[in-house]
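Quick caveat: nothing in here was measured; it's all calculated off a predicted structure. Values reported hereafter were calculated over all heavy atoms of this structure, with side chains retained and with hydrogens, waters and symmetry mates removed.
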Amino acid sequence: GNTSATTTTSHGSQKLTTMTLALDWTPNTNHTGIYAALKNGWYKDEGINLQLLPYSNNVSPDVLVSSGKADVGISSTEGIVADAAVGQPVVSIAAIIQHNTSALVSLASSGLTRPRDLDGKVYGGFGAPYEGAVVGEIIKKDGGTGNFKNVTLSVDAMQALESHRIDFAWVFEGWEVIQAERQGIKLNVMPITSYGIPDYYTPNIITSPKEIQQKSDLLHRFMTATLKGYDYARTNPQQAAQDLIDLAPKGTFPDTGLVFASQQFLSPRYVDSGRTWGMQDASAWQGYPEFMLQNGGVQDASGKTVKSLDLNALYTNQFL
């Protein structure tokens, strides 16, 4: 079982509650606000001893969170929709980035400059049911047939692209695209929301419905510190990037310049001006999940296509 609620360590006179957060990938600038809050002691100020669980290929953050093995985690809108469909629901409690910053990319030398050029080409993905549906629809919206070869990669998408094992991939502009630029690799970048895909949040901070029922106060305190961290990262990109480099395991960033460049890209994108970081709008939770459902991108535990879900249950702003 999960003993996190009973573990305490002392912080001055205050007892700290240990809380676990499951990362969705190796540490990167999507996570900077969390690292900045750790570095500045803001979780401790809220009575929390926050432990980061490293990403594992074998078990997703969603599974750790829905099974109670982690209090909170990092996921995506796609993941959250898929979890609901298989009866292992999680709830998004914050949007890390206000708008979608993902894109389909190909090598500039390939001449594949827009989605309709991708018909019949090889897509390198991560084996999720929604990928084929969403990518096919992007191609169709640009006038293609939407038929392409979908292979699940065991290596980094950018490596597979460079070695011509695949023709295109789906990546974050704020990380892989900047990484490619720094390495002198020229890419064609096709932002997915430029091709008729509704804007949506990714990544998201998630928790379980059970955690919301049982540990609402802890989640409030967690979000108070996390909000501070992301606000700090918005206004102090250099220092926040340094916090991430300092606290991530040694050797995480062979190119620290990438972290600073990525942070410069992301800091103004965490939230639109005049808004509270993390807040989520109903429109984002209606548009893209509805699009996934309509295009056959959502399946239940037995692999049957799911056509409708209670989308309002997938997110909450109550802890901000």
Side-chain angles (χ1 to χ4, degrees), residues 1-2 4-5 19-28 30-31 33-34 50-97 100 102 125-134 152-154 157 170-172 175 200-216 218-219 222-223 226 278 280 284-285 288-293 297-306 308-319:
N2 182 3
S4 71
M19 194 174 181
T20 49
L21 183 152
L23 290 175
D24 59 331
W25 202 244
T26 48
N28 61 68
N30 287 341
H31 310 142
I34 294 159
L50 186 68
Q51 302 284 323
L52 301 187
L53 306 177
Y55 174 69
S56 150
N57 273 317
N58 309 322
V59 55
S60 71
D62 303 56
V63 167
L64 291 173
V65 167
S66 67
S67 64
K69 293 193 173 64
D71 294 295
V72 287
I74 300 189
S75 183
S76 62
T77 292
E78 292 94 344
I80 294 159
V81 170
D83 298 335
V86 297
Q88 289 186 311
V90 296
V91 182
S92 175
I93 56 172
I96 289 181
I97 303 169
N100 195 277
S102 70
F126 20 88
Y130 65 82
E131 288 177 275
V134 174
T152 301
L153 294 174
S154 55
W170 188 355
V171 300
F172 283 112
W175 193 258
Y200 65 99
Y201 309 120
T202 189
N204 311 68
I205 298 179
I206 56 167
T207 192
S208 66
K210 189 175 168 190
E211 184 102 4
I212 288 175
Q213 268 184 326
Q214 296 177 353
K215 302 188 191 176
S216 159
L218 185 66
L219 290 168
F222 166 76
M223 285 307 304
T226 305
Q280 305 171 80
W285 282 102
Y288 182 66
E290 197 53 63
F291 168 86
M292 289 173 68
L293 288 162
V298 187
Q299 296 170 2
D300 68 14
S302 64
K304 283 217 299 284
T305 302
V306 172
S308 77
L309 286 170
D310 175 8
L311 300 175
N312 290 324
L314 303 184
Y315 77 101
T316 181
N317 290 317
Q318 75 188 86
F319 301 109

Judged by atom type as modelled, is there a donor-acceptor pair below 3.5 Å linking the side chain of [X] to the main-chain atoms of [Y]?
X: E211; Y: G68; result: no
X: E131; Y: G127; result: yes
X: D310; Y: N312; result: yes
X: D24; Y: S75; result: no
X: N204; Y: A95; result: no
X: D71; Y: T20; result: yes
X: T316; Y: I93; result: no
X: Q51; Y: L21; result: no

(message) Can you list everything that forms a ring pair (Phe, Tyr, Trp, His ring centres under 6.0 Å) with F319? Sequence neighbours excluded, please.
(response)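 With neighbours one apart ignored, the set is H220.
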(message) Tell me every residue that passes ring pair (Phe, Tyr, Trp, His ring centres under 6.0 Å) with F222, counting only those two or more places apart in sequence or in another chain.
(response)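 Partners of F222 under the ring pair (Phe, Tyr, Trp, His ring centres under 6.0 Å) test: Y43.
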Flag side-chain contact, heavy atom, 4.5 Å: [X] against [Y]:
X: P203; Y: S76; result: no
X: W285; Y: E290; result: no
X: E78; Y: V134; result: no
X: P289; Y: T77; result: yes

Tell me the closest heavy-atom pair linking [X] and [Y], and the distance in Å.
X: L53; Y: A70; value: CD1-CB, 3.9 Å
X: G297; Y: A133; value: CA-CB, 3.6 Å
X: P89; Y: S66; value: O-CB, 4.1 Å
X: M223; Y: A94; value: CE-CB, 3.6 Å

(message) Among residues at least two apart in sequence or on other chains, which ones pass side-chain contact (heavy atoms from CB on, under 4.5 Å) with A157?
(response)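 Per chain and number, A157 pairs via side-chain contact (heavy atoms from CB on, under 4.5 Å) with L153, A169.
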(request) Quick one: list whatever passes side-chain contact (heavy atoms from CB on, under 4.5 Å) with D83, sequence neighbours left out. (result)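 Per chain and number, D83 pairs via side-chain contact (heavy atoms from CB on, under 4.5 Å) with D62, V90.
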(message) Test side chain to side chain contact (heavy atoms under 4.5 Å, CB included) on I212 and V91; report intermediate values, then the result.
(response) CA-CA 9 Å; I212 288 175; V91 182; 3.9 Å; yes
(message) Does L314 form a side chain to side chain contact (heavy atoms under 4.5 Å, CB included) with V81? I'd like the steps, not just the answer.
(response) CA-CA 7 Å; L314 303 184; V81 170; 3.9 Å; yes
To the nearest 0.5 Å, what is the distance between [atom1] on [X] and [atom2] on [Y]?
X: I205; Y: I34; atom1: CD1; atom2: CD1; answer: 4.5 Å
X: T305; Y: L293; atom1: OG1; atom2: CG; answer: 10.0 Å
X: L23; Y: L64; atom1: CG; atom2: CG; answer: 10.5 Å
X: N30; Y: N28; atom1: CG; atom2: CG; answer: 4.5 Å
X: S60; Y: I74; atom1: OG; atom2: CD1; answer: 13.0 Å
X: L219; Y: T207; atom1: CG; atom2: OG1; answer: 4.5 Å

(message) Test of understanding: with side-chain hydrogen bond (donor to acceptor under 3.5 Å, both in side chains), list the residues that count as partners of W170, not counting sequence neighbours.
(response)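 With neighbours one apart ignored, the set is S102.
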(message) Checking V306 against Q299 for the side chain to side chain contact (heavy atoms under 4.5 Å, CB included) test, could you report, in this order, the C-alpha distance in whole Å, the side-chain angles of both residues, the deciding distance, and whether it holds?
(response) CA-CA 5 Å; V306 172; Q299 296 170 2; 5.7 Å; no
(request) Just grab all the ring pair (Phe, Tyr, Trp, His ring centres under 6.0 Å) pairs involving residues 53-76, residues at least two apart or on different chains. (result)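 Applying ring pair (Phe, Tyr, Trp, His ring centres under 6.0 Å) to every pair that reaches into residues 53-76, excluding sequence neighbours, yields W25-Y55.
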